[in-house]
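Only heavy atoms go into these numbers, but all of them, side chains included; no hydrogens, no water, no symmetry mates.
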Amino acid sequence: MTESWTSDRRPSLAGRLARLGFTHAARAERLLAEAERDGAGPGDGLLDALGGTADPDLALDGLLRLLAGAGGELGAVLAAEPGTRERLTAVLGVSAALGDHLARHPDHWRVLRDGVAGPLGSPRADLLAAVGADPAAREPVARGEDALVALRVAYRRRLLALAGRDLIGVADIAEVAAELADLAAAALEAGLAIARAEVPGHEACRLAVIGMGKCGGRELNYVSDVDVIFVAEAREGRDEDAALRTATRLASAMMRACSATTEEGALWEVDAALRPEGKSGPLVRTLASHRAYYERWAKTWEFQALLKARPVAGDADLGARYLDTITPIVWKAAEGESFVEDVQDMRRRVEADLNQRTADSERQLKLGPGGLRDVEFAVQLLQLVHGRGDETLRSPTTLDALADLSRGGYVARDDAAALASAYRFLRRVEHLVQLHRLRRTHLVPDDEAGLRRLGRALGLRTDPVGEFTALWRRHAREVRRIHEKLFYRPLLRAVARLPGEEARLTPEAARVRLEALGYADPAGALRHIEALTAGVSRRAAIQRTLLPVMLGWFADAPDPDAGLLGFRQVSDALGTTPWYLRLLRDEVTVAERMAWVLGSSRYATDLLLRAPEAVALLGSDTGLAPRPYEALRAEALAAVRRHREGAGGRPGQEGRAGGRPAEEAAGVVRALRRRELFRVAVADLLGLVDVREVGEALTGISTVTLEAALQVAVNKIEMESRGPLPTRVAVVAMGRFGGHELGYGSDADVMFVHDPLPGADERAAGRAAHAVAEELRRLLALPAPDPPLVIDPNLRPEGRQGPLVRTLASYAAYYARWSEPWEAQALLRADPMIGDPGLCERFRALIDPVRWPEGGIGEDAVRQIRRLKARMESERLPRGVERRLHTKLGPGGLADVEWVAQLLQLRYAHEVPALRTTRTLDALDAAVEARLLDAEDAETLAEAWCMATRIRGSLMLVRGRASDLLPTDHHRERSSVARVLGYPGTGDLLEDYRRHARRARAVVDRAFYGAE
């Protein structure tokens, strides 16, 4: 039967097993050798089959246990019957629980054989026979524990057969779910037979079991609570009260028969909580009592639940009469004033409850965003709305109902197809998750092995974990988008007041609907919707087309209210512009990106409102790529030249527009800056640029702005003095500006230097240079509709007490005589790059020996720098803030990382040219290359620096104002920052930041403070 694992083949066996997908190849090799010695080896031909399973290691374990108990026949069959081999190994590779079942009942493998696998006859007859009941008389022979065990064994035997067909793709998800529901109905019938043996006088009543939920809709999971309602009546001539008491005992005994734990475990819980009055109401009611309750007291959610009601066990005639009685009542429910409000309120409660379990919410297949419940709620709401007048929409099965809605034109074909595809995928994943242990769960595993098993079970082989995760997220996003689109479309009718069309929602119902989907100010949202869509203009018509989708995208963003408000403001500004609405209508990418930007970033929204035509930039990744510095410089300087020429080049001459030429030129430059800031902010929000690219782009924008503004200032001073400037002027970028690491809210730290022309009067040259510097600061501080670029010259020698502008010679004298170690450290980030090129180079040559001293700095200077850092940590942090959450000055924050890099530069840059850089991350890389810093330590520092920088940038983008502190007291703001950064929840962001900062601080203690 088997081909021996001979000693000459064993050295290559582990490698082959690894290639086949075994995670623990060495262990698998040992198990195969042991099985061979015991005469129960699976044979070489089975290895490929095992390697094709979702979890080859799990499949091997189950197969070896089964071979040990099943005898030689199984091995021969597996060698001869490919179909049997495929079904058995597929089951064993997914389900540890069914592997355990086969180990306990080794003869059950036969239900997976070729020619046998498939329907095994009526599940009802099979399970009734298992408990010893006659299918006609339904009177059990077996009683007590024996009957319960027999029921479970027979149930799982059929479950095994179904799983074998399911896992090789012979049965699709709808067929599997229907068979599971029918199997559950059969188990309820068998449980009722067992109950009759326990309840004397049961013949006095008639009892029908009504399946609800997925059981009623014939779309059950492998493991799920089975929802039921009981209806009973007394047989002719019997007392009704006594019959109800007997029926209640029967119902309770039937529930125990299915739910009780035995040596073979339990089947599932039987849940009767959907009955009238829920758990507070009687377990069993008469048909008349049911009808009275639903006609008078029932709430909308109860009618929604009744969409799936179906008689599944017990008295068939009574069950049919129940359905005939209840169905007309259900379809009148949608006529109630509050039915949509009730449905949405239920959805809101479900999501609120889920949000309290943040650790699980993002792994939820059922209740999470874009999960199964989103599909079901959307379908059921539309059924309730339209089903009262269109009987073709009344199917209790989600996929069938969705197809009916599509055929009837209530859901677009593409949307219906996307929802159906996502629903099938999510149900497939749900089944695979439940099959593993046969436990009721709707959570995607969070471990590598579990995700790998899921991916492989779905046929993903190249990167099972990554491919599965991407596929799952894509389906979830699509479900959420369409779900909200379907829920929002009626809102337009409620507020737009279209001619000839009545609103189907009351304003209050519409408000509840918006609130349920994330809008904090639903009344305000309705006003915006009305303003955008009311009327018969072409603009309003296009908005009515756009908004159902846009509102869903806003709801996906961190702040839906801000998104909708911003959209209205931009639309008001551009509403008469022909290309705007046409662009949104025809370019889906533009509309979706606009919704995300407006709903995520106050900073970007403010920029867009100042220049709404920048919407056009959203159309492509290319349009959002930061523009090269040289292109920006050329555009800015060309604008300056145009305004100078417009002024006629003469002092006091007004510009062409009749304004002041210097201010006009500065305004054009600032408008260019505003547009480019928007471009970078959007690219950042969309994940198109990384931390380094953002810093370089923002630095380039500020450099161009300063260079152009400097030229404007020089032009003005020259015009006022009626002659050329008597000195050369340059601006030295310092701090983050010099490090090419500017953030959205960073000041521009600078120093001003000038060098008088030969023969010029030094005092006049100084006055002229000072006038230029002051004019530059004035121009950039003028009130304007853009984020201010604050010029901060306080890093100059002597700080605020020193002159604003110095000559090159003055700088040389100061650094030669008075320079302190901290000033040399500040110069590490000095980059003279604006103004006269020759002066910039001479200033660079002047400061290089100061910041990169020959032989490095001495130990006294190192101690002084360390003391300064320690004092800064204790004194500069704002009072009352949580130190660990301060991204700049907190432990493991930006300053920690930067001081490590700067100390290495001060000590070794003279010897290591690569350290002569103003950029922090480049300095760390150079230190690793020179073996001055451990590569792992450098990576830890770089990751912490990048994360802190991203957080600071996101805080500015979200809030519209700068902050170094992670928000802790504003839930929406905190959540928005986490979402913008790509975290599912704020807890994940805080945990990740603290971990990075803690690890970085440990490196700082060693590399900066010299701690062991």
Side-chain angles (χ1 to χ4, degrees), residues 553-554 556-559 562-563 565-567 569-570 573 589-629 631-632 669-705 736-737 740-748 784-790 887 946-964 973 976-982:
W553 285 332
F554 291 137
D556 279 338
D559 191 341
L565 171 61
F567 180 65
Q569 291 171 328
V570 174
T589 299
V590 175
E592 186 172 10
R593 284 177 167 179
M594 184 180 180
W596 174 254
V597 168
L598 294 175
S600 302
S601 172
R602 186 172 302 173
Y603 179 84
T605 298
D606 288 343
L607 289 171
L608 184 59
L609 290 175
R610 300 296 186 269
E613 66 278 359
V615 167
L617 296 176
L618 301 174
S620 69
D621 292 356
T622 304
L624 291 171
R627 293 180 65 200
Y629 166 76
L632 287 178
V669 171
R670 291 174 66 165
L672 181 151
R673 174 174 178 264
R674 182 167 62 242
R675 181 196 68 203
E676 296 308 314
L677 287 175
F678 178 74
R679 191 193 309 271
V680 175
V682 173
D684 194 0
L685 288 163
L686 297 176
L688 302 177
V689 287
D690 62 22
V691 168
R692 291 196 191 202
E693 291 169 324
V694 170
E696 290 285 357
L698 294 176
T699 301
I701 294 168
S702 293
T703 302
V704 166
T705 303
R736 296 196 183 284
F737 189 14
H740 296 249
E741 298 161 354
L742 281 181
Y744 297 103
S746 298
D747 294 347
D786 54 60
L789 178 58
V790 178
T887 59
C946 288
M947 185 170 192
T949 301
R950 289 184 65 223
I951 289 173
R952 292 179 87 216
S954 296
L955 284 166
M956 183 67 180
L957 288 173
V958 168
R959 304 171 68 196
R961 60 185 188 278
S963 175
D964 294 313
E973 192 172 272
S976 295
V977 171
R979 291 279 307 283
V980 165
L981 289 168

So do [Y] and [X] actually touch side chain to side chain, heavy atoms under 4.5 Å?
X	Y	value
Glu693	Val680	no
Phe737	Asp747	no
Arg961	Arg602	yes
Val570	Leu608	yes
Trp596	Trp553	no
Tyr603	Leu677	yes

>> For Asp786, is there an ion pair with Arg610 - N to carboxylate O distance below 4.0 angstrom?
In response: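 No salt bridge links Arg610 with Asp786.
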>> Regarding Glu676 and Arg679, does a basic nitrogen lie under 4.0 Å from an acidic carboxylate oxygen?
In response: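 Salt bridge present between Glu676 and Arg679.
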Pairwise distance [atom1]([X]) to [atom2]([Y]) - rounded to 0.5 angstrom:
X	Y	atom1	atom2	answer
Leu742	Thr699	CG	OG1	4.0 Å
Glu973	Ser963	CD	OG	8.0 Å
Thr705	Leu789	OG1	CG	6.0 Å
Ser702	Arg736	OG	CZ	13.5 Å
Arg593	Ser600	CZ	OG	13.0 Å
Leu686	Asp621	CG	CG	8.0 Å

> Can you tell me if Arg950 uses its side chain to pair, donor with acceptor, with the backbone of Leu981 under 3.5 Å?
Replying inline: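 Side chain of Arg950 to backbone of Leu981: a pair is present.
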> Quick one: which of Leu565, Thr605, Asp559 gives a side-chain contact (heavy atoms from CB on, under 4.5 Å) with Leu598?
Replying inline: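 Answer to the side-chain contact (heavy atoms from CB on, under 4.5 Å) test with Leu598 among Leu565, Thr605, Asp559: Thr605.
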> Taking all atoms of both residues into account, what is the closest heavy-atom pair of Leu698 and Gly743, and its distance?
Replying inline: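 So the minimum-distance heavy-atom pair works out to CD1-C, 3.5 Å.
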